[in-house]
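Data first, discussion second: the structure below is written as structure tokens.
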2 protein chains.
Amino acid sequence: MDIASSQVFEAGTPAACRSCQARHGVVCGALSNGQLKELNRHSLRRKVGAGTEIIAQGAETSFYSNIMRGVVKLCKVMPDGRQQIVGLQFAPDFVGRPFVRESTLSAEAATDAEICVFPRSLLDRMIAETPELQRSLHDQALKELDAAREWMLTLGRRTAEEKVASLLHLIATHAEPQTATSTAFDLPLSRAEIGDFLGLTIETVSRQMTRLRKRGVILIENSRHIVVPDMDELERITS
Amino acid sequence: MDIASSQVFEAGTPAACRSCQARHGVVCGALSNGQLKELNRHSLRRKVGAGTEIIAQGAETSFYSNIMRGVVKLCKVMPDGRQQIVGLQFAPDFVGRPFVRESTLSAEAATDAEICVFPRSLLDRMIAETPELQRSLHDQALKELDAAREWMLTLGRRTAEEKVASLLHLIATHAEPQTATSTAFDLPLSRAEIGDFLGLTIETVSRQMTRLRKRGVILIENSRHIVVPDMDELERITS
DNA sequence: ATCGCTGTTTGATGCAGATCAAACTCGGTG
DNA sequence: CACCGAGTTTGATCTGCATCAAACAGCGAT
């Protein structure tokens, strides 16, 4: 399950990363053609199944990734097992903590995903040489900081109903296919994961979902597929 | 009360910022002598009283600051008045959101403080020209991100008692004068502010403080001055 | 001193969400 | 098909924190 396993960089075939050449991803967009070529020689595109741990909490990291497809959750767990999701990342986000060897959180694929994996040492060097890349990662860090703080407000001050509505709004906003007002999307998270993101139990999440359904705010096609007839209505509940 | 008032930069006397020359602060440590001189010509050291709003939520910001002394709280408030503190900043932290015109949160002096104020346009230019400054601000953003995520765990998954212990631990860690195991410090926050940081009410904060006192974990010399006989004991409660 | 104001503590009661428990759904498997 | 197990929903009850209410402490102004 460990993406960092040595065969990735040593025994694996370092295939060119076509997506990166196409300038997807936070990292590749900021590089020169020469750098991109070098990065491609040492990077590898990987498909990972839902639930795969990409980075372990407390472990040394030897690589960074770009998310090319799918959703990755960032998790913190306490010694007694209590758990909190502290961020959701979507393509084309960057995963990894520049400059610091040890990760204070775990990153896990929430859905099946494709990621583009770079050796840490190489990317650290490129960051140091490329102000534009530094800037690009700085931007992402600030974006994540805003998201984290917005979520602190949700965790600290919103009711269970508002929390669930906020989560649905967040997912809907990041899901691609949207019509004018109505939106349909797949939830990348189970009820348990939603609970861990919102600081609630499974049961409370479930109850709030059915309350929203009974009020006509959402349709639950199945537990993972949601339709929102009117996004404004959902946003209103968010507060 | 508005620090950004025009007289600061137009009518005020732009005194040299001695602290910055001494390389305090996140910004000044990363600049060349020439840049520092230019920055000094346009920056101003200001004393602000506790409660002064430095940046208003939703307002355009025309300046950044370095905290030279005191504590600054970062706040988000909801339309209905519910409020969440999303960060505490101590000297020599940087205050302001690079690259973005409008602030999504307010910054307010929690204690009497001294800050070093720079015009936004000038510092933005220096960031663009100075990779080391970019790096320095990037580092701070990552540090704040780690802190925000750690606090998300506290908000989502810790009990009231653990929350209060976590806050005391946080403050104790950032307060300067510490003996080997025992620590004494001033709380920079009122009970109401602590509640807004922890997602609790004033009453619950107060009750948990007296519980910790009765158990001998802390001494409350007065409501703002705390002694922790054994930091390990406090840390244990934090979980 | 006495007043009045603001912040804090303490007490009594209520309720949102946790916990405990059981039924239901659905996709996979022998 | 029946069976199983994991995930989800629903119901009954409990509890930690919120809410409502009142006393208390500190402190500047008169």
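A quick note: this is a predicted structure, and the numbers were derived from the prediction, not measured. Atoms considered below: every heavy atom in the structure, side chains included; atoms not considered: hydrogens, waters and symmetry mates. Naming convention: chains lettered A, B, ... in sequence-line order (proteins, then strands); numbering from 1 in each chain.
- The aromatic ring centres of B:Tyr64 and B:Phe94 sit less than 6.0 Å apart.
- The closest side-chain heavy-atom distance from A:Ile194 to A:Leu187 is below 4.5 Å.
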Close N/O contacts between protein and nucleotides 23-27 of chain C (under 3.5 Å):
none

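- Each of B:Thr159 and A:Thr210 has a nearest nucleotide on DNA chain D; the 5'-most of these lies closest to A:Thr210.
- If you measure from atom CD1 of A:Ile202 to atom P of D:dT8, you get 7 Å, rounded to the nearest angstrom.
- Of all nucleotides listed (D:dC17, D:dT8, C:dG17), C:dG17 comes nearest to the side chain of A:Ala160.
- Using a 4.0 Å heavy-atom criterion, one finds that A:Thr201 contacts the bases of the nucleic acid, with or without backbone contacts as well.
- Considering CZ of B:Arg97 and CG of B:Leu74, their distance stands at 12.5 Å, rounded to 0.5 Å.
- Counting to the nearest Å, the P atom of C:dT19 and the CZ atom of A:Arg82 are 10 Å from each other.
- For B:Arg157 and C:dG17, the CZ to P distance is 13 Å, given to the nearest whole Å.
- Note: CD (A:Glu203) to C1' (D:dG7) measures 12 Å, nearest angstrom.
- The base of D:dC17 lies outside donor-acceptor range of the side chain of B:Gln208, with no N or O pair under 3.5 Å.
- Residue contacts shown for A:Gly199 are limited to sugar-phosphate atoms, with no base heavy atom under 4.0 Å away.
- Of the listed nucleotides (D:dT9, C:dT8, C:dG17), C:dT8 has the atom at the smallest distance from the side chain of B:Ser206.
- Among residues two or more places apart in sequence or in another chain, the side-chain contact (heavy atoms from CB on, under 4.5 Å) test is passed with B:Glu162 by A:Arg82, B:Arg158, B:Thr159, B:Ser239.
- No side-chain donor-acceptor contact under 3.5 Å links A:Glu53 to the backbone of A:Ser106.
- Between the CG atom of B:Leu198 and the P atom of D:dG16 there is a distance of 18 Å, given to the nearest Å.
- The interatomic distance linking A:Leu200 (CG) with C:dA18 (C1') rounds to 10 Å, in whole Å.
- No donor-acceptor distance shorter than 3.5 angstrom exists from the side chain of A:Arg149 to the backbone of B:Cys75, with no hydrogens or angles considered.
- A donor-acceptor pair under 3.5 Å links the side-chain atoms of B:Asp93 to the main chain of B:Phe90, judged by distance alone.
- Whole-Å rounding puts the B:Met209 CE to C:dG7 P distance at 16 Å.
- One N or O donor and one acceptor, one from the side chain of B:Arg207 and one from the base of C:dG11, sit under 3.5 Å apart.
- Counting atom types as modelled, B:Glu161 pairs no side-chain N or O with a base atom of D:dC17 as donor and acceptor under 3.5 Å.
- Counting only distance, with no hydrogens or angles, the side chain of A:Ser103 and the backbone of A:Ala59 share no donor-acceptor pair below 3.5 Å.
- Distance B:Arg191 CZ to D:dC17 C1': 18 Å, rounded to the nearest Å.
- Heavy-atom nearest nucleotides on DNA chain D were determined for A:Val205 and for B:Thr204, and the one closer to the 5' end corresponds to A:Val205.
- Among the heavy atoms of the strands lying under 4.0 Å from B:Ser223 are primed sugar atoms or P, OP1, OP2 only; no base atom is included.
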